Student: 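Before we start, here is the structure in question, set down as structure tokens.
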Amino acid sequence: MQTIKDEPMLTEKEKMLAGELYDPLDSELVVARERARDFCQDLNASRERDQEARRSIVKQLFGQGGDSVWLQPPFFCDYGSNILLGERVFFNFNCIVLDVCLVKIGDFTMFGPAVQIYTATHPMNAELRRKQEFAKPIEIGSDVWVGGAAIICPGVKIGSKSVVGAGSVVTKDIPDGVFAAGNPCRVIREVTE
């Protein structure tokens, strides 16, 4: 007779990163969010002349790319460690990244002021929503420009060399090399110049 081995129980962090329902009040996750918020507070309190200190903070905050990111405080995120940046990514003032799942951003991508990137989402069922949430990863290619105050929703992929217009709400994937804008964001035309 063959026995079935018990599969190991996933931690709440593992569930979170896998896009499954998880408990956001899990102690490991609370500590990780507090760490990121302390880094963000230190970063946001720094002065322009404190470039060395800022570089040290972002290298510790981000999962990848802190050594070359160009960032204008204030900046806010949930964990930081789930943000993987390519070379020379730029965040203008007041950007927010809710990195409950992975956020992958390619080389030389630029975000205007007040861009918001949300991997976090919640169940439609109110009772379930009281105790659990889930997330969907976001992937943004290289050489993308996202205009000010755009919102990028959970699970979205934006192709390389695309431009997203200011104030857009990106709810669906955007292919490579296009200009897309609106609420909901839609492809307007190819980028040809």
Side-chain angles (χ1 to χ4, degrees), residues 3-41 44 61-64 74-85 89 91 94-106 109 111-141 144 146-159 162 164-175 178 180-187:
T3 61
I4 299 173
K5 292 184 180 180
D6 289 334
E7 298 225 3
M9 291 280 294
L10 295 177
T11 66
E12 295 304 309
K13 180 178 180 179
E14 290 168 334
K15 291 178 195 175
M16 177 184 82
L17 291 171
E20 297 178 12
L21 288 169
Y22 73 96
D23 177 4
L25 299 178
D26 174 73
S27 61
E28 178 186 12
L29 297 177
V30 169
V31 167
R33 284 194 305 272
E34 288 173 351
R35 172 192 174 274
R37 290 183 181 150
D38 284 346
F39 278 135
C40 287
Q41 186 169 351
N44 297 339
L61 176 63
F62 292 125
Q64 176 183 307
F75 175 85
F76 303 94
C77 65
D78 274 334
Y79 296 94
S81 59
N82 300 326
I83 301 171
L84 307 178
L85 305 174
V89 170
F91 289 98
N94 229 13
C95 287
I96 297 171
V97 182
L98 301 185
D99 61 315
V100 173
C101 256
L102 285 181
V103 175
K104 295 180 182 177
I105 300 170
T109 288
F111 298 96
V115 168
Q116 300 173 54
I117 301 171
Y118 304 150
T119 65
T121 190
H122 302 276
M124 294 297 250
N125 177 289
E127 287 185 39
L128 188 56
R129 193 168 54 237
R130 291 177 188 174
K131 298 177 186 172
Q132 294 186 304
E133 61 185 47
F134 67 102
K136 296 177 183 177
I138 290 174
E139 191 169 335
I140 301 168
V144 173
V146 179
I151 297 172
I152 301 171
C153 293
V156 166
K157 292 182 180 179
I158 298 175
S162 285
V164 174
S168 295
V169 179
V170 185
T171 60
K172 295 186 174 156
D173 292 355
I174 303 295
V178 299
N183 180 5
C185 189
R186 68 189 193 294
V187 173

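Source: prediction; values computed, not measured.
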Student: Would you compute the distance between atom OG1 of T171 and atom CD1 of I151 and round it to the nearest 0.5 angstrom?
Tutor: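 Spacing of OG1 (T171) from CD1 (I151) equals 11.0 Å.
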Student: Not counting sequence neighbours, which residues clear side chain to side chain donor-acceptor pair (under 3.5 Å) with R35? List them please.
Tutor: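 None.
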Student: Which pair of heavy atoms, one from G147 and one from V115, lies closest together, and at what distance?
Tutor: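 G147 and V115 have their closest heavy atoms at O-CG2, 3.3 Å.
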Student: What's the shortest heavy-atom distance between V89 and G106, and which atoms?
Tutor: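 In this case the closest contact between V89 and G106 is CG2-O, 3.4 Å.
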Student: Between K15 and E12, does any NZ, NE, NH1 or NH2 come within less than 4.0 Å of an OD or OE carboxylate oxygen?
Tutor: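 Here E12 pairs with K15 in a salt bridge, since their nearest N and O are under 4.0 Å apart.
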Student: Over all heavy atoms of both residues, which pair between T121 and E133 is shortest? Give the atoms and the distance, please.
Tutor: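 In this case the closest contact between T121 and E133 is O-CB, 3.5 Å.
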Student: Considering all heavy atoms of both residues, which atom of P175 and which atom of S162 are nearest to each other, and what is their separation?
Tutor: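 Between these two residues, the closest heavy atoms are O-OG, 2.6 Å.
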Student: Check whether T119 reaches the backbone of P154 with its side chain - one donor and one acceptor, N or O, closer than 3.5 Å.
Tutor: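 Here the side-chain-to-backbone pair does not exist.
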Student: How long is the gap from CD1 on I158 to CD1 on I117, to the nearest 0.5 Å?
Tutor: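 Interatomic distance, I158 CD1 to I117 CD1, rounded to 0.5 Å: 8.0 Å.
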Student: Count the heavy atoms of every other residue, nucleotide or ligand shown that sit under 6.0 Å from CD of Q41, and state whether that count exceeds 12.
Tutor: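 No - once you tally the heavy atoms of other residues, nucleotides and ligands closer than 6.0 Å, there are 12 at most.
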Student: Going by atom type alone, with no hydrogens or angles, which donor-acceptor pairs under 3.5 Å involve a side-chain atom of residues 134-141 and a protein atom two or more places apart or on another chain?
Tutor:
none

Student: For K104, which residues count as a side chain to side chain donor-acceptor pair (under 3.5 Å) partner, sequence neighbours excluded?
Tutor: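 Applying side chain to side chain donor-acceptor pair (under 3.5 Å) to K104 gives none.
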Student: So which atom in A150 and which in G165 form the shortest heavy-atom distance, rounded to 0.1 Å?
Tutor: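 Minimum heavy-atom separation between A150 and G165: CB-O, 4.1 Å.
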Student: Indicate the atoms forming the closest heavy-atom contact of G159 with V144, along with that distance.
Tutor: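 Minimum heavy-atom contact is O-CG2, 3.2 Å.
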Student: Would you confirm whether N94, through its side chain, and P113, through its main-chain N or O, come within 3.5 Å as a donor-acceptor pair?
Tutor: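 Checking the backbone N and O of P113 against the side chain of N94, no donor-acceptor pair under 3.5 Å is found.
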Student: Cut-off 3.5 Å, no hydrogens considered: what does the side-chain donor-acceptor table look like for residues 75-85, sequence neighbours left out?
Tutor:
unit_1	atom_1	unit_2	atom_2	d
D78	OD1	R37	NH2	3.0
Y79	OH	R33	NH1	2.8
N82	ND2	D99	O	2.8

Student: Start with the C-alpha gap between K131 and D23, add the side-chain angles, then the distance that decides, and say whether side-chain contact (heavy atoms from CB on, under 4.5 Å) holds.
Tutor: CA-CA 6 Å; K131 298 177 186 172; D23 177 4; over 6 Å; no
Student: State the CG-CD distance between L29 and E34, to the nearest 0.5 angstrom.
Tutor: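 L29 CG to E34 CD: 11.0 Å, rounded to 0.5 Å.
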Student: Does anything in residues 111-130 form a ring pair (Phe, Tyr, Trp, His ring centres under 6.0 Å)? List the pairs, not counting sequence neighbours.
Tutor: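 Those involving residues 111-130 are F91-F111.
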Student: To the nearest 0.5 Å, what is the distance between SG (C153) and NZ (K172)?
Tutor: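 Spacing of SG (C153) from NZ (K172) equals 11.0 Å.
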Student: Mind checking ring-ring contact (aromatic ring centres under 6.0 Å, His included) for Y22 and listing every partner two or more places apart, or none if nothing turns up?
Tutor: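 By the ring-ring contact (aromatic ring centres under 6.0 Å, His included) rule, Y22 matches no residue at all.
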Student: Does R129, at its CZ atom, have more than 12 non-hydrogen atoms belonging to other residues, nucleotides or ligands within less than 6.0 Å?
Tutor: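 Yes, enclosed.
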Student: For the CG atom of L25 and the CD atom of Q132, what is their distance to the nearest 0.5 Å?
Tutor: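 The distance works out to 10.5 Å.
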